Amino acid sequence: MSVKPVDLNSLRARHENLYETVVAISKRAKEIHEEERAELEEKLLPYKEMIRNPASESESDKVFPEQVAISLEFEARQKTAQRAINQFLQSKFDYTLEEKGDKAKVQNGEENEVDRD
């Protein structure tokens with residue numbers, strides 16, 4: 001996959017501090033990565049169970065074509081950093097700085113539900 005340049009002026013257009021914008025985008029990329037990893041683990045779980053508890057000895061060394069297809073599908077997806085940049089440029093998320101200054105909070109365009117006791 002080739003390197004895609006990013007127009008820094010477009011990133012700077014919404015927030016003046018480019019460093020803070022890059023940090024917020026990287027945090028969003030981590031969130032996307034964690035969501036994808038959980039989805040991949042969930043899809044591959046049945047095959048992991050078959051490998052751990054094979055019905056026969058030949059099944060323990062078997063590579064399942066469905067498992068390979070799932071892995072290739074995830075590998076072909078756009079990289080999480082590029083997706084986070086696209087989401088930021090399309091205003092699908094934004095960030096705000098805490099009053100104390102050092103930390104940025106990433107806010108998705110959708111409202112997040114919080115469970116409270």
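In this text, all values refer to a predicted model and were calculated from it rather than measured experimentally.
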Exercise. Is there side-chain contact between Gln78 and Lys4, with heavy atoms separated by less than 4.5 Å?
Worked result: yes
Seminar exercise, completed: Rounded to the nearest 0.5 Å, the CG atom of Leu44 sits from the CD atom of Glu66 at a distance of 11.0 Å
Exercise. Considering all heavy atoms of both residues, which atom of Ala24 and which atom of Tyr95 are nearest to each other, and what is their separation?
Worked result: CB-CD2, 3.4 Å
For this session: Please say whether more than 12 non-hydrogen atoms of neighbouring residues, nucleotides or ligands are located less than 6.0 Å from CD in Glu42.
Result: no
Exercise. Are side-chain heavy atoms of Thr21 and Arg12 found at a separation under 4.5 Å?
Worked result: no
Exercise. Ignoring hydrogens and geometry, is there a side-chain-to-backbone donor-acceptor pair from Arg14 to Phe88 under 3.5 Å?
Worked result: yes
Exercise. About how many Å separate CG of Leu40 and NZ of Lys43, when rounded to the nearest 0.5 Å?
Worked result: 8.5 Å
Exercise. If you look at every heavy atom in Val6 and Ile85, which pair is closest and at what distance?
Worked result: CG2-CD1, 3.7 Å
Exercise. Got a second to check how far Glu41's CD is from Glu39's CD, nearest 0.5 Å?
Worked result: 11.5 Å
Problem set entry | Glu20 CD to His15 NE2 distance, which is reported to the nearest 0.5 Å | 9.0 Å
Problem set entry | Straight-line distance of Glu73 CD to Arg77 CZ, nearest 0.5 Å | 5.0 Å
Exercise. Out of curiosity, Glu34 CD to Thr80 OG1, how far, rounded to the nearest 0.5 Å?
Worked result: 10.0 Å
Exercise. Is it true that Phe74 and Ile32 fall in one hydrophobic cluster, defined by side-chain heavy atoms closer than 4.5 Å?
Worked result: no
Problem set entry | Shortest non-hydrogen contact from Ala84 toward Ala29 | CB-N, 3.7 Å
